[in-house]
There are 2 protein chains.
Amino acid sequence: MNAGPNVPEREAPMAGWEQNHETAGMPQTSIEDLLKAVYGLEAAKKRPSTKAVADVLGVQMASVTGMVKNLAAEGLLEHVPYHGFELTAKGRELALRMLRRHRLIELFLIQTLGLGWDEVHADAEVMEHAVSDQLVERIYAYLGKPEFDPHGSPIPDSDGAVAARSGVPIAHLAAGDEGIVSEVEDEDPEFLRYLSSLGIKIGSSLRVMAKDPYGGLVRLRMGRRRISMGTEAAERVRVARSHV
Amino acid sequence: MNAGPNVPEREAPMAGWEQNHETAGMPQTSIEDLLKAVYGLEAAKKRPSTKAVADVLGVQMASVTGMVKNLAAEGLLEHVPYHGFELTAKGRELALRMLRRHRLIELFLIQTLGLGWDEVHADAEVMEHAVSDQLVERIYAYLGKPEFDPHGSPIPDSDGAVAARSGVPIAHLAAGDEGIVSEVEDEDPEFLRYLSSLGIKIGSSLRVMAKDPYGGLVRLRMGRRRISMGTEAAERVRVARSHV
DNA sequence: TTCTAAAATTAGGATTGTTGAATTTTATTG
DNA sequence: CAATAAAATTCAACAATCCTAATTTTAGAA
């Protein structure tokens with residue numbers, strides 16, 4: 001039974017509205033997005049050119065050049081003017097941290113609120129830049145230390161280690177190959193709804209019936225359903241092969 | 001079984017990192033915070049002066065003046081230079097919308113992740129500015145259309161209607177009065193931990209034993225525990241009186 | 001009424017991330 | 001090797017939000 005008087009006596013007339021953000025040290029959203037974009041391009045074996053990054057982020061090339069200079073000054077990117085840039089170890093670490101946050105948050109929203117895989121991307125995108133590490137780790141524990149997100153993508157661990165990408169794109173299979181959908185490498189809601197309309201989800205079994213070299217189509221069978229998929233789409237859906 | 005080719009063919013080498021924020025139309029964090037601060041002061045019957053708002057937000061007065069001019073131009077505040085400002089109906093609506101978001105998000109984090117009432121404020125603060133209306137309404141449904149947040153504060157409904165504040169501050173009770181803790185009007189984590197250490201939570205029954213006019217203390221009994229509380233703290237804890 | 005201190009505002013500057021309009025560099029092609 | 005198109009960069013300008021340092025206004029005390 002002790003003191004009352006030594007309570008923090010702040011001015012606080014009403015619940016839920018005091019603040020003082022403490023944004024200190026926290027990198028900006030744009031910075032984090034740029035690093036993720038560079039990481040994504042590197043992971044896809046594409047050169048992270050100014051133009052490619054600008055397209056991903058939806059900004060002008062001049063903006064990318066400007067940010068790249070800032071990030072290079074902070075040691076997150078290595079930049080040789082006119083010859084490109086790449087992540088430093090520190091930059092990659094930060095990019096993976098954001099990826100971990102994004103994937104855990106998506107999984108959390110889907111599992112608790114029953115949202116669809118096509119509905120959570122935008123919210124996860126803003127939350128990943130905003131919430132505390134504590135909250136993210138709490139989510140991780142709550143979800144039972146998951147290894148994959150709702151799209152089948154591996155969740156980097158807190159040290160930044162990330163499992164190798166699973167499976168191969170459907171587009172790389174030959175007629176007769178069978179497999180189980182292991183990952184969808186795109187979070188565009190429209191694309192995800194398209195896949196859902198075909199009955200495709202993580203874990204679906206499918207078999208390649210034929211590859212049509214002219215129309216750019218892949219013909220598949222899923223159970224007793226036959227579907228066609230454009231080559232571009234088939235590049236973005238990965239399967240773990242059951243037969244080779 | 002239909003088309004594959006008419007899928008959205010975007011460039012998307014890897015899952016979870018594309019974007020393009022669509023911040024359009026969404027008011028800025030600072031704007032929303034300022035409106036909340038003004039609402040909070042008005043609700044506490046304090047004049048929302050430039051200085052008071054600056055203190056709440058932790059910025060300089062000049063910044064407040066600048067933002068107030070912007071908000072007045074947008075019709076969210078009514079401003080008479082050198083004589084103060086107040087919320088317009090539109091401004092109040094937006095402030096209440098943010099309060100609803102904040103309280104629902106806090107409740108959600110506490111209920112799903114088992115966080116303490118002292119741990120969620122900062123995360124709720126950033127999330128309330130960031131997440132979609134859809135997500136918030138989903139949380140509302142998931143929580144079973146709650147009326148009060150974890151601190152006992154009423155959650156404004158989606159039309160901006162808010163229940164009258166319940167109870168009275170402990171400081172306003174007289175010796176011998178009894179009541180049940182209905183609301184804590186402060187989200188400072190340190191203060192909330194202090195209350196927890198005293199065993200006080202929403203729903204706790206207590207009785208005022210004595211009010212000490214010199215030391216600024218209120219002596220209480222909770223069950224068989226006797227505690228003292230500073231006047232400032234006693235102003236921030238409200239109880240529903242069981243005896244008058 | 002006059003003085004003064006507090007409150008509020010204005011002015012000017014820094015930062016960050018944008019853009020559009022040059023300009024420079026690179027790589028390719030003839 | 002020159003011409004040219006694409007990619008990258010620089011530059012000037014803008015918007016937002018913050019700051020510090022004046023300056024102006026108000027309100028209360030003498």
Side-chain angles (χ1 to χ4, degrees), chain A residues 11 19-38 41-42 46-86 91 94 98 125-126 129-130, chain B residues 11 19-38 41-42 46-74 76-86 94 98 125-126 129-130:
Chain A
E11 182 172 26
Q19 65 228 100
N20 209 328
H21 276 164
E22 293 302 348
T23 334
M26 239 273 192
Q28 263 34 56
T29 293
S30 321
I31 288 178
E32 294 169 344
D33 285 343
L34 192 141
L35 291 177
K36 277 203 305 174
V38 175
L41 288 166
E42 288 185 358
K46 295 187 183 172
R47 194 175 72 90
S49 66
T50 303
K51 186 173 193 301
V53 172
D55 287 348
V56 170
L57 298 181
V59 299
Q60 294 304 117
M61 285 195 298
S63 309
V64 173
T65 300
M67 279 192 287
V68 164
K69 281 206 292 189
N70 294 345
L71 295 193
E74 289 182 57
L76 296 165
L77 289 178
E78 183 126 23
H79 183 207
V80 182
Y82 292 105
H83 289 278
F85 43 84
E86 56 185 29
L94 187 46
M98 299 315 297
E125 182 60 42
V126 293
H129 300 295
Chain B
E11 182 172 23
Q19 63 229 100
N20 208 332
H21 277 163
E22 293 303 347
T23 333
M26 239 277 191
Q28 263 36 55
T29 293
S30 322
I31 288 179
E32 294 169 344
D33 284 343
L34 192 141
L35 291 177
K36 276 203 303 175
V38 175
L41 288 166
E42 289 186 358
K46 296 187 184 173
R47 194 174 74 91
S49 65
T50 303
K51 185 173 193 304
V53 172
D55 286 348
V56 171
L57 298 182
V59 298
Q60 293 305 116
M61 286 196 298
S63 307
V64 173
T65 301
M67 278 191 287
V68 164
K69 281 206 293 189
N70 295 343
L71 296 191
E74 289 182 57
L76 296 166
L77 289 177
E78 183 126 23
H79 183 209
V80 183
Y82 292 104
H83 289 278
F85 42 85
E86 55 183 31
L94 188 46
M98 298 317 295
E125 182 60 42
V126 292
H129 300 295

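Keep in mind that this is a model prediction, so the values were computed, not measured. What you see below is based on every heavy atom in this structure, not just the backbone, and it leaves out hydrogens, waters and symmetry mates. Residue numbering restarts at 1 for every chain, and letters A, B, ... go by the order of the sequence lines.
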Report task. Go through the steps to decide whether B:Leu35 and B:Leu77 satisfy the test side chain to side chain contact (heavy atoms under 4.5 Å, CB included), and finish with yes or no. Result -> CA-CA 8 Å; B:Leu35 291 177; B:Leu77 289 177; 4.1 Å; yes
Report task. Report yes if some heavy atom in the side chain of A:Asp33 is under 4.5 Å from a heavy atom in the side chain of A:Glu125; otherwise report no. Result ->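 SC-SC contact between A:Asp33 and A:Glu125 confirmed.
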Query - Note, A:Val53 side chain near A:Leu34 side chain (heavy atom, < 4.5 Å) - result: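 The answer is yes; the side chains approach within 4.5 Å.
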Query raised in the report: For A:Lys51, what residues pass the salt bridge (charged side-chain N to carboxylate O under 4.0 Å, His left out) criterion, not counting sequence neighbours?
Result: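 Partners of A:Lys51 under the salt bridge (charged side-chain N to carboxylate O under 4.0 Å, His left out) test: A:Asp55.
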Requested in this report: Scan nucleotides 1-18 of chain C nucleotide by nucleotide, 5' to 3', and note B when protein non-hydrogen atoms come under 4.0 Å of the base, S if they reach only the sugar-phosphate, - if neither.
Outcome: ------SBBB------SS
Report task. Using side chain to side chain contact (heavy atoms under 4.5 Å, CB included) as the criterion, list what pairs up with B:Gln60, not counting sequence neighbours. Result ->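 B:Gln60 satisfies side chain to side chain contact (heavy atoms under 4.5 Å, CB included) with B:Ser63 once adjacent residues are dropped.
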